[in-house]
Amino acid sequence: MSERYDPQLAEPKWREAWAEADLFRALPPAEAGDAPKAYVLEMFPYPSGRLHVGHVRNYAMGDVVARHKKAKGYNVLHPMGWDAFGMPAENAAMERGVHPGTWTYANIAAMKAQFHKLGLSLDWSREFATCDPEYYGEQQRLFLKFMEKGLVYRKASKVNWDPVDQTVLANEQVIDGRGWRSGAVVEQRDLTQWFFRITDYAQDLLDKLDTLERWPEKVRTMQANWIGRSEGLQMRFEWACPAPEEFEAGIDIFTTRPDTLHGASFIALSPDHPLTEALAGRDPDLAAFRALCAQGGTSEADIEKAEKIGFDTGLRVAHPLRPGETLPVWSANFVLMGYGTGAIFACPAHDQRDFDFARKYDLPVLPVVRPSASAPAADPADGLSWVVTGAGEEMTEAYTGPGTIMKSGDWDGLSIDAAKSAAIEAMSARGLGSRTVNFRLRDWGVSRQRYWGCPIPVVHCASCGIVAVPAEALPVRLPEDVSFETPGNPLVHHPDWKTTTCPDCGGEAERETDTLDTFNDSSWYFARFASADDREERAYWLPVDQYVGGVEHAVLHLLYARFFSRAMRDVGELDLADGEPFAGLFTQGMVTHATFRAGDGRWLQPAEVELHGGQAIERATGQAVTVGPVEKMSKSKKNTVDPDAIISEFGADTARWFVLSDSPPERDVEWTQAGVEGAARFMQRVWSLFRSLSLPAADGLAEDEAASLDLRRVAHKATRAIDSAIEEFRFNSAIATMHDWVNQMKKAEQIGESVRNARLESASMLARCLTPFVPHLAESCWTLIGQPGLVSAAPWPEADPAFLVEDSVTLPIQVNGKRRAEIAVAKTATPDMVEAKALALPDLAPHLEGKSIKKVIVVPGRIVNIVVA
RNA sequence: GCCCGCGUGGUGGAAUUGGUAGACACGAGGGACUUAAAAUCCCUUUCCUGAAUCAGGAGUGCCGGUUCGAGUCCGGCCGCGGGCACCA
């Protein structure tokens, strides 16, 4: 038996043993007996071709949870698959002429081999790729069910259009107003697109966030902000001038500040408002204004820089509460068509945007809220001067704080909240409006003009319109013979794929050429893992008990999946009462690395750099290297680390151990060579510990009972601490405990044979605690001390409560809150006994001399504090 | 601008309900073993003061408060990170 542990020999051997024993296959519900179920899932990867270290961290975390649950007696489902549709495959096709499917499946094979080397406890029997026709066929069936239920619709919407690639781009793909691939200036186009009615569930998606107790607060907040509920008044302003054609009824607006209605000074319409559009048809100047507004980019930076511009339409509406007063109707670029009604009433005194606009166009500023109830209306000490007309020189910004209503007739003296209610009541009574809730959340546009995605399973028939593809004709398969020569959607250019017949009338028809946004694919894969087609088995496994993935999916993926499981439930496809797919969520941090830059500005790979003390030197040239900030690993900065290289050099266990140690899982961890070497050293240290126990025992030595008891205490306490640390996702703490445990075992090794039995017991427990983290090493150690079978199949060690409590405790003694001494007392000592013993301590005499004791606080088992004066 | 989160040694971090601040690890320094190196093992490592394995003082971003006792709770600042953002 070798003195050194060799992961290259041991790791493949144990993986074979696990495969042979079929250890990680989830049991069907009927075979699970009394075992409770645990569905552990990590976000499945996009098959880019290479695993990166971030994946290693993500999957190592999931594996700790899955293996721990298994050891605790759960029937565990821990599957893996591939999020396989998407742009990179098409890019590869365009750049290298390889078919997206060929490229994707080759990548899957390569990555699966890498996955295998990590020793994860995955049930590969449920593997699939979302580009498998069986998978996307099922997705098409769901799409049609949603359509039947009215959850799908088509409408024209503005999209980012790349005129070179001839495709729609997501907002993330538009960089500084240009397409990320082509570099062409992106245009706004109106296209008819498919949408999912996610907004139907807006309220429920918001409400149920409160029930997701095992989700990070941060993610819940982000989703709540994204859904963006706001309550207010939707009301109508009626004309005080000849009404424009087709808009005779007036203008509907939405406001969250109905309390400021008396301070209204103008109406602002979005440039995209139907009324603006209609008026522009007759007024070239307004048309030019609209064109000007459309020019601005959609990026955040553009919006921030954009100056407020407006156009006076010349129309006027009546103020509903101030007889005889009228308000001008403007079109303004800061009003969005996509929110509320696309029109607002502006109260410049109490809204900064309205204020800026009013200043620019010399519109009235009419304050109707004063900051404090007591201050007289015209008191300059209020910080506001109550200018009623003109440009409001005295106000430098809008007042949006709390206060009391004034200059508002009956509402004077009311609080803002009371005035809001009064306004809503008043408008309801006049039949002009009502309380309304608005959401920031928009319906989900799912159309993509792409080849490598799930085809939308409908046909367009000249006489029947849009017709669903019948169930027996699913899946609608992507054509294999496809060309990427022409820019744009290959499905449109394909010679005959889209040509078909109408399922209803049998006449000529065309297939829909849009494919589904790839977020659809990841919105229900967890249900598919639970079972391909058995609803009861899906009900058994769902919801996912522990989901693990990156925080970058906090909104989109996690929100879409929550929508999908509700929609699936409502079309009778899923038995999930509250519609929540993920009961527990953990978002892990990234793996970062220092960046290195040569004198001439080239980025250098970590392997090209040698560190000497504080100095970094380029190996090839011997020149000094600038060590840059620690950043997320990226190819452009060359600060990536290849997991394969690490595994070949140190083994998978070392890589797993390193990415879980030191930093708390939710935080970023910095990859360092020294840290990896430290992890590798620890593997050897553990190995030597077990090896010394595998040597033949010396005879005839009496047992050292006190030392044995100490060691057993260490083992049982550590087991307990590791157990709860894993359950609470404090893997770094679990690892610190194991370090400490091993240090204690090393000390016991020096004591030797007289504590052999305790060392063996401790080692057996340690091997089982190590298993979720470093399973291969744990197997080798388990075998080394003669334990039967596989430790991966062994139950979690029981911590005996008898060893968790000490007979005596060491209490710190404070005088006026400062620690001055400590005493050892029996666990059973009463506070009085502790107090008496503490006061008698000679160490304390100098601190008590000449002072009177006012109080003695004894917290049993914790601390003694003597208060003196 | 709005909404979250976080500030602890040279570094990553620990301290779970207010109860010995700095566990554990990395790095650094010193030592043992060795012909030498690797490997391994041992010691030191928050700061300041002192006749210095001891004693005293300070210390968890800053200022203040509550408490016998605050890294932890409260108020106000400062700094960093993240999310959203003409959302009416």
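Naming: A, B, ... by sequence-line order, numbering from 1 per chain.
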Colleague: Does B/G12 count as syn, meaning its glycosidic angle lies within 90° of 0, or as anti?
Modeller: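 Base orientation relative to the sugar is anti.
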Colleague: Show me the pairs that pass side chain to side chain donor-acceptor pair (under 3.5 Å) and involve residues 657-668 of chain A, at least two apart or across chains.
Modeller: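 Residue pairs passing side chain to side chain donor-acceptor pair (under 3.5 Å), neighbours aside: none found.
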Colleague: Does the protein touch nucleotides 6-16 of chain B at the base, only the backbone, or not at all? Give it as B, S and - per nucleotide, heavy atoms under 4.0 Å.
Modeller: ------BSSSB
Colleague: Given the C1' atoms of B/G9 and B/G71, what is the spacing between them in whole Å?
Modeller: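 Their C1' atoms lie roughly 14 Å apart.
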Colleague: Got a sec, which residues hit ring-ring contact (aromatic ring centres under 6.0 Å, His included) with A/H716, two or more places apart in sequence or on another chain?
Modeller: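 ring-ring contact (aromatic ring centres under 6.0 Å, His included) list for A/H716, sorted by chain: A/F803.
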Colleague: Counting any heavy atom closer than 4.0 Å, what does A/V555 reach on the DNA or RNA strands: base, sugar-phosphate only, or nothing?
Modeller: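 No contact.
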Colleague: With a 3.5 Å cut-off and no angle check, do the side chains of A/W741 and A/S762 form a donor-acceptor pair?
Modeller: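 Yes, a side-chain donor-acceptor pair sits under 3.5 Å.
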Colleague: Looking only at side chains, do A/N639 and A/T595 share a donor and an acceptor under 3.5 Å apart?
Modeller: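 On atom types as modelled, these side chains do not qualify, holding no pair under 3.5 Å.
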Colleague: Who pairs with A/D356 by side chain to side chain donor-acceptor pair (under 3.5 Å), at least two apart in sequence or on another chain?
Modeller: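 Side chain to side chain donor-acceptor pair (under 3.5 Å) list for A/D356, sorted by chain: A/Q352.
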Colleague: With a 4.0 Å cut-off on heavy atoms, is A/D354 in touch with a base, just the backbone sugar-phosphate, or nothing at all?
Modeller: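 The answer is nothing, as A/D354 stays clear of every strand by at least 4.0 Å.
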Colleague: Under a 3.5 Å distance rule, please check whether A/R562 uses its side chain to pair with a backbone N or O of A/L205 as donor and acceptor.
Modeller: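 Judged by distance alone, yes, a pair lies under 3.5 Å.
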Colleague: Which nucleotide wins on minimum distance to the side chain of A/T221, given the candidates B/C4, B/C86, B/C84?
Modeller: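 Closest nucleotide to the A/T221 side chain: B/C4.
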Colleague: Would you give a per-nucleotide map of nucleotides 42-48 of chain B, 5' to 3', where B means the base has a protein non-hydrogen atom under 4.0 Å away, S means only the sugar-phosphate does, and - means neither?
Modeller: -------
Colleague: From the set B/A88, B/C26, B/G82, return the single nucleotide nearest to any side-chain atom of A/K218.
Modeller: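 In terms of side-chain proximity for A/K218, the closest of B/A88, B/C26, B/G82 is B/G82.
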Colleague: Scan residues 814-825 of chain A for pairs that pass salt bridge (charged side-chain N to carboxylate O under 4.0 Å, His left out), counting only residues two or more places apart or in two chains.
Modeller: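 The answer is A/R819-A/E822.
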Colleague: So among A/F345, A/F311, A/F357, which one has a ring-ring contact (aromatic ring centres under 6.0 Å, His included) with A/W330?
Modeller: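 Testing each of A/F345, A/F311, A/F357 against A/W330, the sole residue satisfying ring-ring contact (aromatic ring centres under 6.0 Å, His included) is A/F357.
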Colleague: Taking the six-membered ring for Trp and the full ring for Phe, Tyr or His, determine whether the centres of A/F729 and A/F731 are under 6.0 Å apart.
Modeller: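 Yes.
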Colleague: Do A/H68 and A/D723 have a side chain donor and acceptor closer than 3.5 Å?
Modeller: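 Looking only at side-chain atoms, A/D723 and A/H68 do form a donor-acceptor pair, the distance falling under 3.5 Å.
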Colleague: Please name all residues satisfying salt bridge (charged side-chain N to carboxylate O under 4.0 Å, His left out) with A/R435, sequence neighbours left out, ordered by chain then number.
Modeller: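 Only A/E231 meet the salt bridge (charged side-chain N to carboxylate O under 4.0 Å, His left out) criterion with A/R435.
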Colleague: At less than 4.0 Å, is any side-chain N or O atom of A/N743 found next to OP1 or OP2 of B/A25? Yes or no.
Modeller: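 Result: yes.
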Colleague: Please, which pairs that meet side chain to side chain donor-acceptor pair (under 3.5 Å) have at least one residue in residues 334-349 of chain A, sequence neighbours excluded?
Modeller: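 For residues 334-349 of chain A, and leaving out neighbouring residues, the side chain to side chain donor-acceptor pair (under 3.5 Å) pairs sorted by first residue read A/S230-A/Y339.
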Colleague: Return the nearest nucleotide to the side chain of A/T810; candidates are B/U17, B/A88, B/U20.
Modeller: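 The nucleotide sitting nearest to the side chain is B/U20.
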Colleague: Can you run through RNA chain B from 5' to 3' and write each base as (, ), [, ], | or . depending on how it pairs? Watson-Crick or G-U wobble, both distances under 3.5 Å.
Modeller: (((((((..(((......[....)))((((((.......))))))(((((...)))))..(((((..]....))))))))))))....
Colleague: What does A/S230 touch in the nucleic acid at a heavy-atom separation under 4.0 angstrom: a base, only the sugar-phosphate, or nothing?
Modeller: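 Sugar-phosphate contact only.
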Colleague: Mind checking salt bridge (charged side-chain N to carboxylate O under 4.0 Å, His left out) for A/R720 and listing every partner two or more places apart, or none if nothing turns up?
Modeller: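 Salt bridge (charged side-chain N to carboxylate O under 4.0 Å, His left out) list for A/R720, sorted by chain: empty.
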Colleague: Scan nucleotides 66-69 of chain B against the protein and return all N/O pairs shorter than 3.5 Å with their distances rounded to 0.1 Å.
Modeller:
from: B/C68; atom 1: O2'; to: A/N865; atom 2: ND2; distance (Å): 3.2
from: B/C68; atom 1: O2; to: A/N865; atom 2: ND2; distance (Å): 2.6

Colleague: Are there any protein N/O atoms within less than 3.5 Å of an N/O atom in nucleotides 55-60 of chain B, and if so, which ones and at what distance?
Modeller:
from: B/G57; atom 1: OP1; to: A/R820; atom 2: NH2; distance (Å): 3.2
from: B/G57; atom 1: OP2; to: A/R820; atom 2: NH1; distance (Å): 3.0

Colleague: Can you name the closest pair of heavy atoms from A/A332 and A/P271 and give their distance?
Modeller: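 In terms of heavy atoms, the two residues are closest at O-CD, 3.2 Å.
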Colleague: Which one, B/A88, B/C86, B/U20, comes nearest to the side chain of A/R819?
Modeller: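 Comparing B/A88, B/C86, B/U20 against the side chain of A/R819, the answer is B/U20.
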Colleague: Hydrogens and angles aside, do A/S692 and A/E749 bring a side-chain donor and acceptor to less than 3.5 Å of each other?
Modeller: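 Their side chains do contain a donor-acceptor pair, which is all the 3.5 Å distance test asks for.
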